[in-house]
Peer 1: 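A single structure is presented below for examination.
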Amino acid sequence: MAHDIFALVDCNSFYASCEKVFNPQLADKPVGILSNNDGIIVALSPELKRLGITRGTPGFKIDKQLIRKHDIKIFSSNYALYGDMSNRVMQTLTQFTPDIEIYSIDEAFLSLSGFEYLNFSDYGRKIRDTVWKWTGLPVSIGIGPTKTLAKVANRFAKKHSFIENVFDITDHPNKDKILRWIEVEHIWGVGRQYAKMLRRNGIENAFQLSQAPDKWVQNKMTIMGLRMVKELRGISCIDLEMDIEPKKEIVSSRSFGTPVTEFRDMQEATAAHCTRAVKKLRTEKQVASQITVFLTTNRFKNEPQYANYATARLPLPSAYTPDFLKAASKILKNLFRPGYKYKKTGVMISDIMNQSKAPLDLFEPTYLDDHRKTIMDCMDDINEKMGSGKLTYAATGIKQPWQMKREKLTPGYTTSWSHIPVVKAC
DNA sequence: TCTGGGGTCCTAGGACCC
DNA sequence: TCTGGGGTCCTAGGACCC
């Protein structure tokens, strides 16, 4: 059997690059994208990285003088735009192999097994150039015999301009050297806690980790860690996942634009999350029978803190929004304590199953056979045609003073007819 | 003034059953 | 000091990912 070969295609500074595609004036500027609620920096163009700003920096902590001096551009995140651009990239990648796993909004694993007659680096460059031509987005490509090594190769490709963002680590003469160059915190599967633990034990880079004894690794890092270490050694343990599995839980949560103190506002926000989450549930053709509501104050503030959550079960699996709204409202009444400044609330839906697989009940119709489904389908159709949010529940409120901040939003160039870019003749 | 949101998997321990 | 053993299911917590 042929050996596995994986390519990891990763868009460089994805959100920032998306903004640059539609605004040529940003081309050489330092660009940063903020998280929801204009909170922290989640994506940085190379120019911004060079100024020493890092992912996770709160927007308000970026020095105003630095912004002026270097003409730094900061934007709210425009997920509708990024999602659309992501689809274009993924669509482009399917030209190069039938076996593709969309791993995240800006990353995909491709299987190149069976393409051994090709020079993988050449093929990688062809992929890179095609994505650039078709979408205007720069990508880096790492190639290796395991997903973890493809990740390593990708990191190497990104950090070394002389290899033009494409690197194949398979059978590379300097493989060990490269693994020594990868510090433990940059290995796929090693986060903050494991990195600390590994360093305490004298393991500082990927090469050292690959030499650690199996038993020790499994003991310290579970079976997942062992799998990862084997992958570093070149033994493929993590397969390509091509089928999109239905979600096991669906979460909707958000920080408030301004702190919430009133029960009524909290109830509206929770209802809005509930509505969003159940809509997602229907999109996946699923039903669920469990709902959790949570709320929290602002842990960064020196003021009374309160965080709590509670779960309720529905009598029968459902995808009918009012079933969840009722449950959520009841939970919230028990959860809410007056006298706090709340920062965030959210809803989690779990115990999810396919609509057609929901158990039958002797007395009640299943969601699939019920008028509740007809109502929901009708509502979803109208929102689809007229724009989402046209039809909603009174419980979610009108004024919504708790809505998140998005003060620096760019137009929805590809996702909204009214924002479509215009080419002007000079 | 201002510090994100949405997921997954594994393990230990308790509840419960025989 | 003693307290049965073993299987299964569920949950909370901790780790990770982007």
Side-chain angles (χ1 to χ4, degrees), chain A residues 8-15 32-43 53-64 67 74-79 82-83 86 101-109 147-148 151 154-155 184-198 217-228 237-238 241 244-259 273 276-277 280-281 284 290 292 294 296-303 308-311 313 341 343-352 404-408:
Chain A
L8 174 67
V9 182
D10 180 321
C11 299
N12 304 341
S13 315
F14 182 56
Y15 300 166
I33 312 299
L34 295 165
S35 62
N36 275 321
N37 219 28
D38 290 349
I40 58 172
I41 295 276
V42 291
I53 311 281
T54 53
R55 195 191 136 96
T57 309
F60 71 89
K61 276 199 179 164
I62 300 173
D63 186 53
K64 297 284 173 297
I67 294 181
I74 302 285
F75 300 111
S76 304
S77 40
N78 185 343
Y79 285 103
Y82 311 149
S86 173
E101 172 187 344
I102 298 173
Y103 180 66
S104 76
I105 193 164
D106 73 327
E107 269 176 76
F109 284 103
K147 280 177 153 184
T148 307
K151 276 270 191 185
N154 188 279
R155 184 166 183 88
V184 280
E185 31 280 291
H186 298 139
I187 304 169
W188 190 45
V190 178
R192 273 249 272 293
Q193 300 307 314
Y194 284 160
K196 256 196 257 166
M197 184 277 294
L198 290 170
V217 173
Q218 176 159 2
N219 182 257
K220 295 278 190 184
M221 305 173 73
T222 81
I223 192 85
M224 306 281 280
L226 182 57
R227 221 176 286 168
M228 181 219 26
C237 301
I238 308 171
E241 283 172 35
I244 301 164
E245 298 288 328
K247 292 193 190 351
K248 293 167 184 164
E249 52 193 36
I250 294 173
V251 177
S252 174
S253 79
R254 232 167 222 102
S255 304
F256 303 124
T258 49
H273 288 307
R276 246 170 55 106
K280 275 192 223 166
L281 185 69
E284 302 216 338
Q290 195 156 278
T292 302
F294 54 92
T296 174
T297 48
N298 189 342
R299 66 199 158 95
F300 294 103
K301 290 242 167 129
N302 188 17
E303 53 191 36
N308 208 348
Y309 68 92
T311 299
R313 287 195 66 80
K341 288 184 183 165
K343 174 65 183 165
K344 179 173 171 175
T345 181
V347 160
M348 179 167 93
I349 286 174
S350 52
D351 203 348
I352 294 175
M404 69 169 173
K405 255 192 290 193
R406 285 174 101 187
E407 285 170 353
K408 297 161 182 171

Peer 1: Quick one: A:Ile33 CD1 to C:dC18 P, roughly how many Å, whole number?
Peer 2: 19 Å
Peer 1: Could you tell me whether the side chain of A:Thr292 and the main chain of A:Thr311 form a donor-acceptor pair under 3.5 Å?
Peer 2: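 Judged by distance alone, no pair lies under 3.5 Å.
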Peer 1: Taking everything shown except A:Lys280 itself, do over 12 heavy atoms lie less than 6.0 Å from its NZ?
Peer 2: yes
Peer 1: Examine B:dT3: is either OP1 or OP2 under 4.0 Å from a nitrogen or oxygen in the side chain of A:Lys344? Give yes or no.
Peer 2: no
Peer 1: May I ask you to say what A:Ser252 touches in the nucleic acid, namely base, sugar-phosphate or nothing, with a heavy-atom cut-off under 4.0 Å?
Peer 2: sugar-phosphate
Peer 1: With a 4.0 Å cut-off on heavy atoms, is A:Lys220 in touch with a base, just the backbone sugar-phosphate, or nothing at all?
Peer 2: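 Since no nucleic acid heavy atom lies under 4.0 Å of A:Lys220, the category is nothing.
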Peer 1: OP1 or OP2 of B:dC10 versus the side-chain N and O atoms of A:Arg227: is any pair under 4.0 Å?
Peer 2: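 Answer is yes, contact under 4.0 Å.
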Peer 1: Go through C:dC16, B:dC10, C:dC17 for me and flag the one nearest to the A:Ile223 side chain.
Peer 2: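 Selected nucleotide (nearest to the side chain): B:dC10.
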Peer 1: To the nearest 0.5 Å, tell me how far A:Ile349 CD1 sits from A:Leu281 CG.
Peer 2: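 Nearest 0.5 Å value for the CD1-CG distance: 5.5 Å.
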Peer 1: What nucleotide among C:dA12, B:dG4, C:dC18 has an atom nearest to a side-chain atom of A:Val42?
Peer 2: B:dG4
Peer 1: Does a side-chain N or O of A:Ser253 approach OP1 or OP2 of B:dG4 to a distance below 4.0 Å, or not?
Peer 2: no
Peer 1: Determine the interatomic distance between C1' on B:dC17 and the same-named atom on C:dG4; round to the nearest Å.
Peer 2: 14 Å
Peer 1: Under 4.0 Å between any heavy atoms, over every strand shown, what does A:Gly189 touch: base, sugar-phosphate, or nothing? Just pick one.
Peer 2: sugar-phosphate
Peer 1: Would you indicate which nucleotide in C:dC18, B:dG4, C:dA12 comes nearest to any side-chain atom of A:Arg55?
Peer 2: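 Closest of the options to the side chain of A:Arg55: B:dG4.
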Peer 1: Ignoring backbone atoms, test whether A:Lys151 places a side-chain nitrogen or oxygen under 4.0 Å from the OP1 or OP2 oxygen of C:dC18.
Peer 2: yes
Peer 1: Measure from NZ on A:Lys248 to P on C:dC10 and round the result to the nearest Å.
Peer 2: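 Those two atoms, NZ and P, are 14 Å apart.
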Peer 1: Taking only side-chain N and O atoms of A:Arg276, does any of them lie within less than 4.0 angstrom of OP1 or OP2 on B:dG6?
Peer 2: yes
Peer 1: Does OP1 or OP2 of C:dA15 have a side-chain N or O of A:Thr222 closer than 4.0 Å?
Peer 2: no
Peer 1: Between atom OG of A:Ser77 and atom CG of A:Asn36, what is the distance when rounded to the nearest 0.5 Å?
Peer 2: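 A:Ser77 atom OG to A:Asn36 atom CG measures 5.0 Å (nearest 0.5 Å).
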Peer 1: Answer yes or no: does a side-chain N or O of A:Lys343 lie under 4.0 Å from OP1 or OP2 of B:dC2?
Peer 2: no
Peer 1: Between B:dG7, B:dG4, C:dC16, spot the one nearest the side chain of A:Ile250, thanks.
Peer 2: B:dG7
Peer 1: Side chain of A:Phe300, heavy atoms from C-beta onward: which of C:dC17, B:dT3, B:dG5 has the nearest atom to it?
Peer 2: B:dT3
Peer 1: Return the 5'-most residue of the pair A:Lys280, A:Arg299 with respect to DNA chain B, ranking by each residue's nearest nucleotide.
Peer 2: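 Result: A:Arg299.
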Peer 1: Return the nearest nucleotide to the side chain of A:Asp106; candidates are C:dC18, C:dA12, B:dG4.
Peer 2: C:dC18
Peer 1: In whole angstrom, what separates A:Lys61's NZ from B:dT3's C1'?
Peer 2: 7 Å
Peer 1: Nearest to the side chain of A:Pro58 - C:dA12, B:dT3, C:dA15?
Peer 2: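 Side chain of A:Pro58 sits closest to B:dT3.
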Peer 1: Tell me the interatomic distance from A:Arg406, atom CZ, to B:dG5, atom P, rounded to whole angstroms.
Peer 2: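 Going from A:Arg406 (CZ) to B:dG5 (P), I get 12 Å.
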Peer 1: Do A:Glu241 and A:Lys147 meet the salt-bridge criterion of a basic N to acidic O distance under 4.0 Å?
Peer 2: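 A:Glu241 and A:Lys147: not salt-bridged.
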Peer 1: In Å, rounded to the nearest 0.5 Å, how long is the span from OH of A:Tyr82 to CD1 of A:Ile105?
Peer 2: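 Nearest 0.5 Å value for the OH-CD1 distance: 9.0 Å.
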Peer 1: What integer distance in Å separates A:Ile53:CD1 from B:dT3:P?
Peer 2: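 Rounding to the nearest Å, CD1 of A:Ile53 and P of B:dT3 are 17 Å apart.
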Peer 1: As an exercise, state the distance from NZ of A:Lys343 to OG1 of A:Thr296, rounded to the nearest 0.5 Å.
Peer 2: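 These two atoms lie 10.0 Å from each other.
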Peer 1: Only Watson-Crick and G-U wobble pairs with both distances less than 3.5 Å should count. Give DNA chain C in dot-bracket notation, marking inter-strand partners with |.
Peer 2: ....||||||||||||||
Peer 1: Counting side-chain heavy atoms from CB outward, which of C:dC18, C:dC16, B:dG6 is closest to A:Ser104?
Peer 2: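 Of all the options, the side chain of A:Ser104 is nearest to C:dC18.
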Peer 1: With a non-hydrogen cut-off below 4.0 angstrom, is A:Leu226 in contact with a base, only sugar-phosphate, or nothing?
Peer 2: nothing
Peer 1: Sub-3.5 Å donor-acceptor pair from the side chain of A:Ser253 to the main-chain atoms of A:Thr345, do we have one?
Peer 2: no
Peer 1: Counting side-chain heavy atoms from C-beta on, which of C:dC18, B:dT3, B:dG4 comes nearest to A:Asn298?
Peer 2: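 Within the option list, the nearest is B:dT3.
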Peer 1: Rounded off to whole Å, could you give me the CD1-to-P distance for the A:Ile244 and B:dG7 pair?
Peer 2: 14 Å
Peer 1: Touch check for A:Glu107, heavy atoms < 4.0 angstrom, all strands: base, sugar-phosphate only, or nothing?
Peer 2: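 Answer is sugar-phosphate: A:Glu107 comes under 4.0 Å of backbone atoms only.
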Peer 1: OP1, OP2 of B:dT8 versus side-chain N and O of A:Lys247: anything below 4.0 Å?
Peer 2: no
Peer 1: Within this structure, what is the CD-to-P distance between A:Glu249 and C:dG13, rounded to whole angstrom?
Peer 2: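 These atoms are roughly 15 Å apart.
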Peer 1: Does the C:dG14 base have a donor-acceptor partner in the side chain of A:Arg192 within less than 3.5 Å?
Peer 2: no
Peer 1: How far apart are the C-alpha atoms of A:Lys301 and A:Lys341, what are their side-chain angles, what is the distance that settles it, and do they pass the side chain to side chain contact (heavy atoms under 4.5 Å, CB included) test?
Peer 2: CA-CA 10 Å; A:Lys301 290 242 167 129; A:Lys341 288 184 183 165; over 6 Å; no
Peer 1: In whole angstrom, give the distance that lies between atom CE of A:Met228 and atom C1' of C:dA15.
Peer 2: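 Distance check: A:Met228 CE to C:dA15 C1' gives 12 Å.
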Peer 1: Just to be sure I understand the rule, does A:Asn37 reach a base, reach only the sugar-phosphate, or reach nothing, if contact means heavy atoms closer than 4.0 Å?
Peer 2: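 No contact.
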Peer 1: Over 60° means perpendicular and under 30° means parallel, so classify the ring planes of A:Tyr103 and A:Trp188, tilted if in between.
Peer 2: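 A:Trp188 and A:Tyr103: perpendicular rings.
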Peer 1: Return the 5'-most residue of the pair A:Phe60, A:Ser255 with respect to DNA chain B, ranking by each residue's nearest nucleotide.
Peer 2: A:Phe60
